[in-house]
Structures are given as structure tokens and as C-alpha cells.
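See structure below.
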Protein chains: 2
Amino acid sequence: MKPKITLKDIANELSVSISTVSKALKNSDEISKDTKDKIKAFAKFYNYRPNNIALSLKNKRTKNIGVIIPDIVHHFFTTVFRGIEKYANEKGYNVIVCISDESIEKEVINMEMLANGSIDGFILSLSAETQLKNEYTHLKELLDQGIPIVLFDRVTSEIECDKVVLNDNEIAREAVEHFISTGSKNIALVTTEKYFNVSESRRYGYLDALKAHNIKIEENLILTLPHDMENDSLITEFFQHNKVDAVLCVNEIFAIQCMSIIQELGFNVPNDISIIGFTDGILSRFSVPRLTTVAQHGELMGERAAKLLIDRMEWVDEVEEPFKTEVINATLIKRGSSIN
Amino acid sequence: MKPKITLKDIANELSVSISTVSKALKNSDEISKDTKDKIKAFAKFYNYRPNNIALSLKNKRTKNIGVIIPDIVHHFFTTVFRGIEKYANEKGYNVIVCISDESIEKEVINMEMLANGSIDGFILSLSAETQLKNEYTHLKELLDQGIPIVLFDRVTSEIECDKVVLNDNEIAREAVEHFISTGSKNIALVTTEKYFNVSESRRYGYLDALKAHNIKIEENLILTLPHDMENDSLITEFFQHNKVDAVLCVNEIFAIQCMSIIQELGFNVPNDISIIGFTDGILSRFSVPRLTTVAQHGELMGERAAKLLIDRMEWVDEVEEPFKTEVINATLIKRGSSIN
DNA sequence: TGTCAACACGAAAACGTTTTCGCAAATAAA
DNA sequence: TTTATTTGCGAAAACGTTTTCGTGTTGACA
């Protein structure tokens, strides 16, 4: 058991002052070569490392980033987190993660907890409940305190800060046009409640594409599934009662569930019904047939978010940078679940 | 922009000393009711919250836990992390995550970074390279410094600390016996390089089961796949050249890959070949047929690891607790990929 | 020999807390 | 009225750094 050594310990052992030790280790030329060598050797031998907490207190910066995500078991958030962690680590930052579990209360508690000095800035994706209640005072207060925030994916226009989003509208439109160009007419959308900004955008993209191609919009071809519930029966009913030859799903799970049920109902994918999902996760890559899907480039998104945040935190110029919204271009990955 | 308020600010505004403010807010009865009320009201109005960093420095504890995992995109680690975060948060701890990317160098760097005061203890699963090189001095040094460590899943007997593991051997044995009891004779194992302790245990479980039932062990029925590489051709070749009626895979990806290739080769799952995998992730739940699999209860594992760590960190008794190894009992979840 | 600069180092403040101890004033007891 | 006790509060140290400023010693130069 050899506990951590401090500047004071070194100073005492070598009968010099703490200031001298500190300067010597920073190679200050205020200190003679002899003394420096002696101190450095001692420090090295005892494996001295400055205490991060003391540094944080002194410098008023922790080199920690707080990340709040609704759920980590979802592939998309996991990859975004990966990107954040990667970029942050390269830049010497650590990442403290809290999971809001789609609850605004947890989001608030976690953010307040971390905001009291533990982190220098936040990266977050809004919880479902936060979006539903449209309640952002916790974010506003933190921004007011001068704590920078970067929102990604689930964002809101109510808050002025840096953001990273997907071109959801355009890519949904592209997906639907892919259906149209391969001959589909009765195109369905399987989506979540509309308080999710991303689902809304994808819905608009879907509608826009139909309009642009003069296809009549049938409201009953839009299936809204409750969030995180058992919904096999809803899906089954939907495909039994509607004539559909293509379906766009706003996430991977919905897509796989649809495919599985469609196949059980005796239809062929993609010949009878084509499917496109969102999120290029393992489900999409290993299903039979493999799923045509929208790659959201989560890792890139995470890196960008981290870069935006760190740039702002380390900003030194006199003029404050205006807030940016970066758009990540999704890619449609064509595989076996659609006709190509 | 209203920056964070400190004890000093309150003291100045109210013309009392910092000590008085501190005591008043802690409801000390050294302070008169009048003064306390005044101070509390002021603090509440300005939303005073003590600075975590200052507290950490004072108390010599950060209430942060460092978690080092080889990879977060893998479902198992994600769920373990989930469990850690959940339990830690309940107990008022935050979680700093670093991803070692299966590299010992990153593992070392990250741990040293965090060990300089940022965290009170570690929870980690060893990187592949660390297990391969059998190099644990970084862990030993941290333990020497009095920093508690809990290892989970990928552990080593070289290090004395608290651990949480799966009963890999027994559950592998149970899986193989399930094959045997349903009539399989030629049982294959698809595994990873043997420096992974978990793969080794599962291999022993496999071998034990065969021995116990007087089934001859055929070394060529054991397929060792390189870590994280494209290995479809190896798998194809394996099933073309060997007569197999059941296969145990040490992870979910291998199991899905095998199932996909087996089906492509024209075999029926489970009638021609049964499959059991490890990790009850979404792949297993959404494949066709659904995969019989070993549920590792990652979330529980994470909770247990966090509990072990926090108990040790908050340990106050005079006698030091001996190190514990908790064993999580895996569960065989029987689904369509095996005969039941 | 006296003056000045350069050199090498130390004292102290600061970051924001908590906590021990001391001390004056107010009250109670003698 | 004197003494003892309580009450209410402040000063200061401590946690581990960094950094500014001050200061004693040395050597060079006039």
C-alpha cells in the first residue's frame, strides 16, 4: 500500500517549498538545473501525478463532459456515445454518462447533479417525456449559468444551442422515392408518437415524397405504435387490413417486427412487400433477408457533437461564436428487403 | 447569464462569515434561527448548490466510479453498463466510462488518467490484449494505491479483488446436455481464441458434458474463430466438412452467423442442426427461428459489480472485508433454434 | 567598496468547501 | 455584583494545485 504522493510530500522530503516543486516539475527556468533534476528524479521515482480534482478546482474546468441519453441499449445511442467518447478522449476529456430512461425527472436530476462543478458541458438527446411535455427550463437554466450544451438527434427549436441532427426529412423522402421508383404504390409508414421531432420529420419526408409523385395520402397507411410496448397484434392487424406493397419504419425494431410478421402472414419480402428501416444495426445486418436501412452514422454524429462542445468550451476569442446546427447526411443502404 | 453562487457570495451579501453560511445551510444549531432563516432563504432564492469539486477535494472522495469496458457496441457490455449506472445512480454515484477498444494501452492510459483523483474506484472487464499478454501491473499498482477494483466477466486469477462472473462452465455444460438429451450426438463448439477466460470456461463445460455422457471428443468439431474478423468462409467450410447436429456458440454473433450459413447450406434449424448461443440480445430475440440462448443477465451483473465496489468504498468497519467473487447464474432460454 | 541585475527560491493567495477552536456577548446562577 | 454557562458567530486550517510577488544571495561592474 503506497498512497498517492503530493507536491507537499516531495517538498518535505527534499526540504524545498511547494512552489519550487511545482515550478521544477513544469520545467520553469526560475529553478536551477540541479534542483530541477533532483525534484524530477524524485517525482518520477515515486510516480507523482498531479491531482485532477485540485487542478479542476484551481482551473475552474474539469475536463469532463456530461452525456445524457435516453437509453443506452438502443444501437443508435450506443454508437453516438462511442463517437463522443472517442473524440473526447483524444482531446483529453472524460465522459460521464447518465441515462434518463426517457424520463424528464431523471434528466433534470442528473443534469443538476453534474452541473454543480462535475462537468464543463453537456451533450444530450432529449428524453421522450421531455419532448412530450415540451418542458425545457432545466436546459435554459444551465445555459444561463454559462454551461454549454449540445443537443443531438432529439432536439428542439425552443433551445438555442449547438445541435447535431440527421437530415431525417430528406432521407425519409429518399427512401420513399426508392420505393416509388421500384414500382410501389401503396406505401405505408410505421412510426412513433408525433412528439418525437425525428419521427415528425420522417413523417413529413414520407408525405412530401408521396405528394411530389402525386400519390394519394391515405391516413390509414400510417401506423403509429406506442413507445416501447408489445405491439405485434397491432402490426398484424395493420397488414391484414391494408393493401401495402412497401413500408418505411422509423426504427430498426419496428422494421424487424414488421418483416417477421409480414413473412408469417405469408408475404414475400421484398417481392410482395418491401421494407426499409432506420438505424443500421446488427439486426438489419443479420436478418433474412438483410434489411435495407437508413444508416444514421451515429459515431460521426457523436464526434461532431463532441467537437462542437469542446470547441465552444475552449473558445478564447473575444467574439462569441453563433450557435451552429450541423446536419449529418444519412445514407440509404440497399439490401435484400427492398427491390433494387 | 447568472453564474453559480458560492458560500462566499452569500456571506458577503449577508455580511456574515463563510463558516456561518456553511453551518446555517447544514442546519447547525450553533446558528440562531433568525440567521439560519435569512441565509436559507437567500440560498434558495439564488439556487445555491455546493460545488462538487470543492467537496471532492475536501472529502477526498469524488462519488465517481470509473468503468472500463472493451467495447460498448456489444449488447452484453451495454447491459452490464446499464446495471452499473442504475445502481450507482441510486447510491448517488456518477459513472465515468472509458472504452479500451480491446487494447491494453488504452486500458492503461484511461485508468491512470482517472486514477489521479477523478474516481473512487473502478469496475472493469479486461481487454482482449490484456488477457492475451497476461499483463496486469497497471491493476496491481492501482490496488496498491488503495483504489478498489471490481472485475467482471473477463477476469483473471492473477489479481486479488472483488469479481463478478458467470457460471460459464456449468451453463455451457447445461447447454450441451440439452443437446444430448434431445438426441444430438455430433456436437460442435464455435469459440474464440482461448486466452479469453470466458471462452475457456465454456470450452471446459462443453468438454465435461461430452465426457460425462461418454461422447468421444473430436477436436475438429471445435471451431476457433479469430476475434472480430470476417469469418463466413471459415464457418461455411466447417459445416460442409463436418457432420454436425448441434452447435454451441460462445456469443450471439457467432450463433446468428452460423444459423444463417447453416440455412443457406440447406439444413433445417433445429431439425438438422440445433443451435445455442450466448447473450440474449435483440439478435436472438428477432431471428427466425428465434435463438435458444444463454441469458447472461448483464444488468444484474452490473448491479452486483457496482454494489461490491460501493460497499467496499464505503466500508468503515475496523476489519477489512475479504475479497468476494460473485457468481451469476446464467439461464438457458429455450427457443426455436433447438429441439425442446 | 558600493550599486545593480540576475538568479534561485519561498510566502501567500486563490479555487470552494467543512470543521475545529476560540471568543465575545448574553444569560443564568450564586 | 460577581462568576459560570450558554449562545452565536468568526478565524483559520485543511484538501492539492498554480501563480504572482517578494526577497535574500551572488556576481559583475563602476
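To find a chain, count down the sequence lines: A is the first, B the second, and so on, and within it residues start at 1. The structure displayed is predicted, hence computed values, not measured ones.
Using a 4.0 Å heavy-atom criterion, one finds that Ser32(A) contacts the sugar-phosphate atoms exclusively. Among the atoms of the strands shown, only primed sugar atoms or phosphate atoms (P, OP1, OP2) are found under 4.0 Å from some heavy atom of Thr35(A).
Comparing Arg49(B) and Glu30(B) by the nucleotide of DNA chain C whose heavy atom lies nearest to each, the residue mapping closer to the 5' end is Arg49(B). Summary of the strand contacts: Lys58(A) and Lys26(B) both lie near DNA chain C, and taking for each the nucleotide with the nearest heavy atom, the more 5' one is attributed to Lys58(A).
In Lys40(B), the NZ atom is crowded: over 12 heavy atoms of neighbouring residues, nucleotides or ligands sit closer than 6.0 Å. Atom NZ of Lys307(A) is surrounded by 12 or fewer heavy atoms from other residues, nucleotides or ligands within 6.0 Å.
Glu112(A) and His138(A) share no side-chain donor-acceptor pair at under 3.5 Å. Residues Glu135(B) and Thr137(B) bring a donor and an acceptor atom of their side chains to less than 3.5 Å of each other.
The distance from atom CG of Asn51(B) to atom P of dT17(D) is 18 Å, rounded to the nearest whole Å. Atom-to-atom, CD1 of Ile18(A) to P of dA13(C) comes out at 14 Å; the value is rounded to the nearest Å.
Distance from the side chain of Ala54(A) is smallest to dG16(D) among dC21(D), dG16(D), dG10(D). Nearest nucleotide to the side chain of Pro50(A), out of dG10(C), dT19(C), dT17(D): dT17(D).
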Apply the test ring-ring contact (aromatic ring centres under 6.0 Å, His included) to residues Phe42(B) and Tyr46(B): give CA-CA distance (whole Å), side-chain angles for both, the deciding distance (0.1 Å), then the verdict. CA-CA 6 Å; Phe42(B) 190 93; Tyr46(B) 284 100; 4.7 Å; yes

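For Asp153(A) (side chain) and Val165(A) (main-chain N/O), no donor-acceptor pair under 3.5 Å exists by modelled atom type.
End-to-end axis angle of the helix from dT1(C)-dA30(D) to dA30(C)-dT1(D), using five pairs per end and rounding to 10°, comes to 80°.
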